[in-house]
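See structure below.
Counting starts at 1 for both ligands and their atoms, following the listed order. None of these values were measured; they are calculated from a predicted model.
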Amino acid sequence: MSDDPRRVALSLLRRIEDEGAFANLVVPSTLDRSDLSRSDRAMVTDLVYGTTRLRRACDALVDRHISSPPDAATRRILRLGAYQWGWGGVPAHAAVHETVSLAPRRVRGFVNAILRRTVEGPPPSELKWPSLASQLSVPNWIYDLYVDEVGAESAVASLARMNVPPAPVVRDDGYVQDRASTWVAAAVGAQTGELVLDLCAAPGGKATALASAGATVIAADLRTQRAGLIAENAHRLGIPNDRLSVIAADGTLPPFADGKFDAVLLDAPCSGLGALRRRPDARWRVEPRDVDVLSSLQQSLIDSATTLVKPGGRFVYSVCTINASESIDHGIPQGWEVDEVPPEGEWQRFGHGWRVLPHDADTDGMVLMRYRRLA
Ligand SMILES: C[S@@+](CC[C@H](N)C(=O)[O-])C[C@H]1O[C@@H](n2cnc3c(N)ncnc32)[C@H](O)[C@@H]1O
């Protein structure tokens with residue numbers, strides 16, 4: 001592969017857009033194999049993540065100067081140029097010149113003309129955008145869902161915050177995790193001597209935190225390969241096998257006896273609409289019907305998870321999305337009461353649970369629900 005960071009970025013964008021590659025997998029693995037310098041790696045990451053997050057906004061910026069839509073490869077080059085100038089802090093001349101040099105000869109004149117007109121026009125902060133969804137670079141349905149869930153003002157603030165890369169938060173034990181995820185693990189209240197199940201645990205961020213808190217943890221995940229990531233992370237953090245054991249299992253058919261655990265954490269598979277900044281391509285991948293499918297999977301997981309807790313024990317449910325249909329709409333399980341003690345962290349009350357929006361505390365958007373099994 002070429003060592004030019006813009007060319008590496010363009011080839012990664014092609015894999016993400018045309019082959020459905022996941023940005024947060026393909027970018028680190030490509031960079032690991034490259035001989036790019038540290039600063040070039042940072043540049044590739046910013047170009048790929050930024051252009052992917054702001055795909056719709058980049059298109060709006062150049063589309064004002066285009067009469068008939070370009071082919072996908074040319075569109076990709078225009079996006080990369082628009083991102084560098086509009087959001088990447090690259091001066092106009094360099095953004096145009098360096099991007100044009102990536103274009104095949106047959107479209108070089110076209111790319112040059114469109115990018116020149118783009119940088120001569122208003123910058124993103126002064127543009128008359130076709131819509132707020134276009135400015136915020138999300139599909140209309142995600143914008144509408146946010147407005148319905150949190151109101152227009154918070155929707156704009158949440159979505160804007162998810163266009164800015166997350167600041168890494170490093171736990172005391174060295175694991176890099178979103179701050180709201182650390183609050184979810186803390187909400188389990190795991191104690192030394194307790195047996196705790198994390199039913200959907202990969203890659204193990206919360207399971208390792210529960211083990212570090214002193215509990216004996218069983219960490220399950222549906223996919224064997226992902227379960228392997230939990231074991232890798234536990235090993236890297238020096239957590240002994242007898243403190244955290246890993247198992248590949250379907251959480252809707254858990255291979256454990258009823259009433260076995262002091263606490264069960266269900267950090268459920270979800271649409272991830274609160275964590276769009278962390279997964280730059282997710283907004284273009286998730287579809288409205290996924291929300292319904294995931295919601296019914298979550299209900300099945302809740303039904304099975306709650307049978308596994310001892311009388312008097314705890315059940316904690318979390319999702320990295322902000323919508324009611326994947327959280328509080330699941331209701332209070334029969335035979336359980338809501339734990340009303342406010343959890344650690346900057347949560348706001350949300351029905352019988354707690355929610356944090358991305359702009360509240362610069363974390364992922366999440367919902368947390370905590371229950372106690374009636375004795
Ligand atoms: C939100 S992630 C968990 C993140 C994890 N708790 C952490 O903090 O690192 C949800 C996980 O659920 C897993 N999953 C999906 N369907 C499942 C099922 N039926 N049973 C168990 N795990 C499942 C996915 O493979 C994914 O790893």
Side-chain angles (χ1 to χ4, degrees), residues 22 24-25 166 168-171 173-188 190 196-213 215 217-237 239 244-256 261 263-279 282 285-286 290-308 315-323 326-327 330 345 356 363-369:
F22 285 81
N24 57 354
L25 298 182
V169 177
V170 183
R171 282 190 336 216
D173 62 5
Y175 192 90
V176 179
Q177 191 174 40
D178 187 77
R179 214 148 49 96
S181 289
T182 66
W183 300 337
V184 169
V188 177
V196 176
L197 172 66
D198 184 345
L199 193 59
C200 295
K206 299 181 187 75
T208 52
L210 300 174
S212 295
V217 177
I218 297 182
D221 202 275
L222 179 63
R223 305 205 330 254
T224 312
Q225 200 195 354
R226 285 186 61 77
L229 296 177
I230 312 171
E232 269 172 38
N233 278 320
H235 180 72
R236 191 169 53 78
L237 299 177
I239 298 169
L244 190 157
S245 39
V246 179
I247 163 170
D250 182 348
T252 64
L253 298 163
F256 308 110
F261 296 94
V264 172
L265 168 63
L266 172 54
D267 184 33
C270 73
S271 60
L273 293 174
L276 298 178
R277 62 180 187 165
R278 203 169 289 291
R279 302 182 201 119
R285 202 186 284 284
V286 186
D290 295 334
V291 173
D292 301 331
V293 171
L294 285 160
S295 171
S296 82
L297 171 61
Q298 289 155 2
Q299 188 60 60
S300 308
L301 287 164
I302 291 172
D303 293 345
S304 55
T306 45
T307 63
L308 304 174
F315 172 54
V316 174
Y317 177 94
S318 63
V319 275
C320 58
T321 187
I322 53 85
N323 49 310
E326 293 184 70
S327 54
H330 292 311
V356 62
T363 64
D364 288 346
M366 290 198 143
V367 179
L368 170 74
M369 283 130 58

Does ligand 1 have a heavy atom under 4.0 Å from the side chain of Cys320, from its backbone, from both, or from neither? neither
Using distance alone, decide if ligand 1 has a nitrogen or oxygen within less than 3.5 Å of any nitrogen or oxygen in Leu297. no
Flag Ala268 as yes when one of its N or O atoms lies below 3.5 Å from any N or O atom of ligand 1, and as no otherwise. no
Have Arg171 and Thr208 got a donor and an acceptor in their side chains that come within less than 3.5 Å? yes
Is Arg226 touching ligand 1 with its side chain, its backbone, both, or neither, if touching means heavy atoms under 4.0 Å apart? side chain
Atom 10 (C) of ligand 1: the protein heavy-atom neighbour that sits closest, reported with distance to 0.1 Å: Asp267 O, 3.6 Å
Heavy-atom proximity to atom 25 (O) of ligand 1 ranks first, among Asp221, Val319, Leu222, for Asp221
Is the shortest N/O to N/O distance between Ala220 and ligand 1 below 3.5 Å? no
Closest approach of Ile322 and Met366, non-hydrogen atoms and distance? CG2-N, 4.2 Å
Check if Ala201 has a non-hydrogen atom at a distance under 4.0 Å from any atom of ligand 1. yes
Nearest-0.5 Å distance that lies between atom NZ in Lys206 and atom OH in Tyr175: 8.0 Å
What residue and heavy atom of the protein are closest to atom 2 (S) of ligand 1, and at what distance? Ala202 O, 3.8 Å
Could you measure the distance from the CG atom of Leu199 to the CZ atom of Phe256? Nearest 0.5 Å is fine. 7.5 Å
Using heavy atoms and a 4.0 Å limit, tell me yes or no: is Leu199 in contact with ligand 1? yes
Show me which atoms of ligand 1 lie under 4.0 Å from any heavy atom of Ala249. 20 (N), 21 (C)
Nearest neighbour in protein (non-hydrogen) for atom 12 (O) of ligand 1: Cys200 CB, 3.3 Å
Please report whether ligand 1 has a polar contact with Tyr175, defined as an N or O pair separated by less than 3.5 Å (distance criterion only). no
Part of Cys270 within contact of ligand 1 (heavy atoms, under 4.0 Å): neither
Set of residues satisfying side-chain contact (heavy atoms from CB on, under 4.5 Å) with respect to Asp290, sequence neighbours excluded: Val286, Glu287, Leu294
What protein heavy atom lies closest to atom 8 (O) of ligand 1? Include the residue and the distance to one decimal. Lys206 NZ, 3.0 Å
What protein heavy atom lies closest to atom 15 (C) of ligand 1? Include the residue and the distance to one decimal. Pro269 CG, 3.5 Å
Checking the N or O distance criterion of under 3.5 Å, is ligand 1 in contact with Leu301? no
Give the atom numbers and elements of ligand 1 that come within less than 4.0 Å of a heavy atom of Asp250. 18 (C), 19 (N), 20 (N)
Which heavy-atom pair separates Arg278 from Asp364 by the least distance, and what is that distance? NE-OD2, 2.9 Å
In ligand 1, which numbered atoms sit nearer than 4.0 Å to a non-hydrogen atom of Gly251? 18 (C), 19 (N), 20 (N), 21 (C)
Rounded to the nearest 0.5 Å, how far does CD1 of Ile230 lie from CG of Asp198? 7.0 Å
Would you check the N or O atoms of Gln177, main chain and side chain alike, for any that come under 3.5 Å of an N or O of ligand 1? no
What do you reckon, does Thr252 have a nitrogen or oxygen under 3.5 Å from a nitrogen or oxygen of ligand 1? no
Pairs involving residues 224-233, ordered by first then second residue, that meet side chain to side chain donor-acceptor pair (under 3.5 Å) (sequence neighbours left out): Asn233-Arg236
Atom CG in Asn323, atom SG in Cys270: separation rounded to 0.5 Å? 8.0 Å
Is it true that Ser181 lies under 4.0 Å from ligand 1, counting heavy atoms only? no
Ligand 1 N/O within reach of Gly205 N/O, cut-off under 3.5 Å: yes
